[in-house]
S.K.: 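To start, I am sharing the structure in question, which I have written as structure tokens.
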Amino acid sequence: MYRRSFVKSALFGLGAGTMGRWIRPQSLLADNARGPLVVSSANGKPAAAKAVEIINQGHDALDAVIAGVNIVEDDPQDHSVGYGGLPNENGVVQLDSCCMHGPTHNAGAVAALQHIKNPSKVARLVMERSDHVLLTGTGALNFAKAHGFKEESLLTDEARQIWLYWKESLSDKDNWFTPRNKEDIPEKVRQMFNITGTITCLGLDIQGNISGVTTTSGLAFKLPGRVGDSPIIGAGLYVDNEVGACGSTGRGEENLKNLTCFLAVEEMRRGKTPQQACMIAVKRIVKHVKLPSLKKKNGRPNFNVKFYALDKKGRFGGAAIYGPARYVVHNGSENTFVDFAYLYEQE
Ligand code: ASP
């Protein structure tokens with residue numbers, strides 16, 4: 001009931017920031033909605049709050065969502081993004097990000113970027129201050145430094161301890177030993193062992209324009225140089241200002257093989273709601289899981305992927321392979337968690 005009324009208020013633009021601009025229900029489907037509307041992954045509540053604040057000042061959705069995710073990139077407690085992100089197998093933090101600007105249909109991205117904690121800002125600069133879309137590794141770092149970014153260590157002590165415990169637990173045939181007493185392993189390290197994540201943030205501004213950003217430290221303990229879906233336009237993010245936007249988190253490899261955010265936006269173009277489009281993306285990934293190494297004994301995928309979307313009409317939705325799970329929606333008055341649609345119950 002609550003969810004339905006929230007959906008309705010987002011759809012009809014009833015948020016505080018949109019008061020006085022009633023959209024008549026009968027004209028809703030013909031008109032483009034105006035924000036603020038921000039959709040983000042579950043770690044994105046502070047990002048959504050910041051993004052709405054900036055949209056309410058009249059700024060472009062891209063300014064808003066990037067300022068939003070910068071908060072999470074700067075947060076050492078979030079081990080899936082930016083500073084404090086979990087490193088690759090060599091203990092080096094390598095970050096991926098992309099952004100897409102609806103009004104210009106322009107995009108920028110960086111992959112395997114080291115030593116710069118806000119890859120989303122660098123991705124935006126690639127978009128605005130170069131003739132390219134994607135820079136990787138040293139090239140991305142040099143570009144960031146040319147724009148005045150300072151190199152810093154991104155590996156926090158806690159992330160290092162999680163990585164070290166992973167390394168020491170890998171094999172009993174190598175020369176690394178875990179502490180003899182399990183009590184010597186900090187509780188947080190044990191809990192965090194299998195954590196991955198990312199933040200994606202999509203925004204509809206008060207001009208009715210749409211932009212998005214995705215930023216991550218990628219899969220924990222990945223091979224050095226591995227690039228996931230997050231910096232790939234069409235995989236980790238896609239925006240079409242006439243239609244809507246989709247962002248994704250979860251196992252990037254499967255998203256890369258399906259370019260599923262692009263698929264979801266195309267489904268919205270064909271008339272699907274954001275929620276339906278996200279579920280089509282989920283089903284496409286699941287349909288293409290052929291390798292036994294990606295399947296559980298019951299034949300279902302042994303990984304999760306989640307999609308987040310909003311459209312030009314001010315609707316939003318999310319779907320995941322496994323649930324229950326939640327994502328964040330801010331409609332200008334409420335910053336709240338919303339349940340994903342999902343295909344399978346998490347066992
Ligand atoms: N999609 C990210 C990647 O594959 C990871 C995640 O969202 O958990 O790099």
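Ligands are counted one by one from 1 in listed order, and the atoms in each one are counted from 1 as well. Hydrogens, waters and symmetry mates are skipped; everything else that's a heavy atom, side chains included, is used. None of the values given here were measured: they were computed from a predicted structure. Throughout, numbering of the chain's residues begins at 1 and tracks the sequence.
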S.K.: Quick one: list whatever passes side chain to side chain contact (heavy atoms under 4.5 Å, CB included) with Val289, sequence neighbours left out.
M.R.: Leu294, Lys295, Pro301, Phe303
S.K.: Measure centre to centre between the rings of Tyr308 and Phe316, then say whether the value is under 6.0 Å.
M.R.: no
S.K.: For ligand 1, which atoms, with element, lie under 4.0 Å from some heavy atom of Ser230?
M.R.: 1 (N), 2 (C)
S.K.: Which ligand 1 atoms are under 4.0 Å away from a heavy-atom of Asp229?
M.R.: 1 (N), 2 (C), 3 (C), 4 (O), 9 (O)
S.K.: So does Ser293 get a backbone contact from the side chain of Asn302, meaning a donor-acceptor N/O pair under 3.5 Å?
M.R.: yes
S.K.: Hey, looking at atom 9 (O) of ligand 1, which of Lys306, Arg251, Lys222, Arg226 has the closest heavy atom?
M.R.: Arg226
S.K.: I'd like the name of whichever of Gly218, Gly252, Gly250 reaches closest to atom 2 (C) of ligand 1 through any heavy atom.
M.R.: Gly250
S.K.: Please work out which of Leu256, Thr216, Thr198 has its closest non-hydrogen atom nearest to atom 6 (C) of ligand 1.
M.R.: Thr198
S.K.: Below 4.0 angstrom from a heavy atom of Gly197, which ligand 1 atoms are there? Numbered from 1 as shown, please.
M.R.: 5 (C), 6 (C), 7 (O), 8 (O)
S.K.: Assess whether atom CZ of Arg284 is packed by more than 12 heavy atoms of other residues, nucleotides or ligands within 6.0 Å.
M.R.: no
S.K.: Kindly determine whether Glu73 and Lys121 satisfy salt bridge (charged side-chain N to carboxylate O under 4.0 Å, His left out), including the steps that lead there.
M.R.: CA-CA 10 Å; Glu73 288 174 333; Lys121 285 187 184 169; over 6 Å; no
S.K.: So if I count the atoms of ligand 1 from 1 in the order they appear, which ones are less than 4.0 Å from some heavy atom of Thr249?
M.R.: 7 (O)
S.K.: What atoms of ligand 1 come within less than 4.0 Å of a heavy atom belonging to Leu219?
M.R.: 9 (O)
S.K.: Which pairs pass salt bridge (charged side-chain N to carboxylate O under 4.0 Å, His left out) with one or both residues in residues 77-100, sequence neighbours excluded?
M.R.: none
S.K.: Just let me know how Ser248 lines up against ligand 1, side chain, backbone, both or neither, with a heavy-atom cut-off below 4.0 Å.
M.R.: neither
S.K.: Check the pair Lys272 / Asp311 against salt bridge (charged side-chain N to carboxylate O under 4.0 Å, His left out), numbers first and verdict last.
M.R.: CA-CA 10 Å; Lys272 297 290 189 295; Asp311 73 5; over 6 Å; no
